[in-house]
Amino acid sequence: MKKKRSVQVIKKTSAILLSLTLLLSACGGNGSTTTSAPETTAAETTTAAETTAAEAAGQEGAYKPGTYTASAQGNNGPVEVSVTFSEDAITEITIGKHGETTGISDAPFEKIPAAIIQNQSLGVDTISGATNTSNAILEAVADCVTQAGGDAEALRAAAVETEEAANAVLKDAEVDVLVIGGGGAGLSAALSASQGGASVILVEKLSALGGNTFRCGGAFNTYDPERQKNIPMTDSLASAVDKVLAHEDVSEAHAQLKAEVQKQWDEYKVSGDTMLFDTPEWHALQSIDAGDYEGNVELVRSFTSNTLDTLNWLEENGVEWTDQVSTVVGAMWNRSHQTPNNSGADIIAALEKNATAGGVEIYLDSKAEELIVEDGRVSGAVITNADGEKVTVAAKKGVIMATGGFSANVDMRVKYNQQWEDIGESLTTNNSPGATGDGIVMGEAVGVNLVGMGWIQLMPLNGVSGGGISGYVNSSLFCNKEGERFVAEDQRRDVLAEDMGVPADALEKTVAEFNELVKAGQPDEFGRTTWENTIESGPFYAPSFSPAVHHTMGGLEINGNAEVINTDGEVIPGFYAAGEVTGGIHGTNRVGGNAVPDALCFGKVAGTNAASNE
Ligand code: ADP
């Protein structure tokens with residue numbers, strides 16, 4: 001069954017099946033690179049010279065010496081390896097061309113070849129969270145073994161020395177702050193808590209840090225007068241502001257926010273400023289509007305008023321941001337900041353480095369199972385450590401839940417979904433395998449109020465053959481199988497996507513019409529308002545995309561201090577949460593580029609507040 005193409009029917013919009021994006025890199029523009037993983041060449045070589053056990057393992061005459069090349073299917077396409085053999089051993093493994101996602105594939109590319117050579121065995125463990133990449137390396141090396149006249153089956157059965165894990169194994173412990181989950185929210189919380197003077201333990205259930213934050217494009221929405229100062233305001237952008245301001249009041253908090261934005265907008269218009277209008281309040285109002293007024297206005301305001309400070313704090317802690325801002329898919333405004341590699345991996349690397357340097361103890365392969373509550377206060381958690389033993393971590397100042405969402409948990413998707421006709425196995429997810437909703441289950445067990453659980457976001461730009469989970473729309477158009485545009489590419493993610501097959505003449509006509517629209521810069525028939533580059537000269541990229549479960553908007557209710565709220569509307573002492581495990585920010589539809597700042601802002605807030613407890 002072709003799962004990726006077999007989405008059924010969607011209640012809210014017409015049938016979403018498949019879309020095509022043309023992205024023009026030659027025109028420059030704001031980071032409008034292809035969103036499918038490009039073929040890359042990783043010059044990563046592991047040689048026997050680096051190991052100690054290699055020479056001992058082989059049998060003389062087992063191989064025809066030389067270098068052999070093979071490839072096997074990884075996560076995003078073939079992974080090529082070249083393997084060099086002496087008469088009796090595998091001496092060198094080089095990873096060649098591949099389309100695997102940078103960051104996620106780092107651990108298998110480094111560890112699997114080293115383990116094969118060290119043990120002269122193909123029975124080495126795969127890396128959790130990167131199983132397909134690991135298996136691709138093992139299969140391709142097995143192919144090379146066969147080409148070299150060796151016995152791949154025997155090598156699969158060959159013993160593997162189980163080295164003492166390089167990572168420490170968590171034992172019963174007492175600490176100020178326990179952080180559960182090592183994605184963006186968890187690492188941000190751990191770093192800020194340690195900067196606040198707390199002793200911190202962070203547990204991550206997978207073998208690698210990063211979660212979805214690592215996999216994503218790292219787009220970070222914030223108003224930013226400095227970086228936005230050269231972006232022109234257009235009539236079509238102005239019409240988008242007017243449209244959102246024209247929405248009827250839905251609550252007092254909304255009316256108040258709207259009045260503030262209206263005032264800012266009026267002042268902007270009389271000022272004669274011709275550059276992009278943006279403020280934290282406009283970001284908040286736009287996010288509330290895009291989430292169909294289901295988000296918590298106070299919480300969203302506290303979020304958008306924190307984004308620039310958090311961006312700057314991240315910069316102080318080694319995260320680089322480019323000078324350019326852009327519009328990631330579904331962001332609807334030119335405020336998406338990017339790292340130099342357009343990658344959340346850049347953010348994770350900097351946070352990990354600083355957290356570790358600041359004394360945060362990080363334990364991988366360590367899964368939180370349940371929270372401990374004493375006298376109504378969350379005071380720790382039971383963890384299954386890397387040896388499979390249950391241990392207890394007592395946390396004097398607080399526990400921060402940062403376990404991410406539940407896109408990778410089909411049962412939970414089906415249980416909570418209120419939005420789509422079919423959100424079960426027919427849909428894949430582009431999330432980390434760790435996104436199984438553990439924090440929601442643990443939270444519920446201690447009486448947390450869950451909010452927005454039925455809202456689940458599909459990412460229209462999921463590469464059919466794998467690929468990234470982000471994309472920028474500034475210089476791209478989406479078309480269907482008839483080669484025609486069908487949607488405003490800059491709009492909410494839940495309005496995108498359709499079938500495709502693409503006759504060339506229709507596509508050519510569509511591109512010509514698109515270029516006229518770019519030049520006109522007016523809202524078009526679909527309501528697209530952001531226009532930047534025409535598509536004139538190649539190279540063009542036309543990957544196929546299908547929707548995938550991308551983000552779960554609901555979760556634990558929190559307030560602006562990242563304190564968790566129970567079903568009676570009260571703060572649960574000692575309990576904080578941040579990131580995708582929480583609900584209340586995104587309403588029915590998360591704005592593209594809001595997830596990373598959500599996780600990092602509230603992670604920082606949670607860490608600071610937990611550390612300040614007595
Ligand atoms: P966020 O963006 O909210 O930080 P991520 O998906 O980036 O979310 O990170 C969440 C992390 O939490 C993932 O690395 C995931 O593996 C980890 N995680 C999920 N459940 C548990 C658990 N029970 N114990 C420890 N870590 C967990």
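Order of appearance sets the numbers: ligands from 1, and atoms from 1 within every ligand. All values below come from the heavy atoms of this structure, side chains included, with hydrogens, waters and symmetry mates left out. Note that the structure is predicted; figures quoted are calculated from it, not measured.
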side-chain contact (heavy atoms from CB on, under 4.5 Å) partner of Val378, the single match among Ile372, Val373, Val564: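 The residue from Ile372, Val373, Val564 that satisfies side-chain contact (heavy atoms from CB on, under 4.5 Å) with Val378 turns out to be Val373.
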Check this for me: does any side-chain nitrogen of one of Lys604 and Glu316 sit under 4.0 Å from a carboxylate oxygen of the other?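 Judged by the 4.0 Å cut-off on N to carboxylate O distance, Lys604 and Glu316 do not form a salt bridge.
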Between Gln195 and Asn317, is there a side-chain donor-acceptor contact under 3.5 Å, judged purely by atom types and distance?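 Their side chains do contain a donor-acceptor pair, which is all the 3.5 Å distance test asks for.
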Can you find a side-chain donor-acceptor pair between Ser366 and Asn385 that sits under 3.5 Å?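 No donor-acceptor contact under 3.5 Å links the two side chains.
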Can you pull the residues with any heavy atom under 4.0 Å from ligand 1? Ile180, Gly181, Gly182, Gly183, Gly184, Ala185, Val203, Glu204, Lys205, Leu206, Gly210, Gly211, Asn212, Thr213, Ser366, Lys367, Ala368, Ala402, Thr403, Gly404, Gly434, Asp438, Met442, Gly579, Glu580, Ala599
With rounding to the nearest 0.5 Å, note down the distance linking CG in Asp346 to CD in Glu320. 8.0 Å
Quick one: do Asp125 and Val160 satisfy side-chain contact (heavy atoms from CB on, under 4.5 Å)? Show the steps, please. CA-CA 9 Å; Asp125 284 343; Val160 175; over 6 Å; no
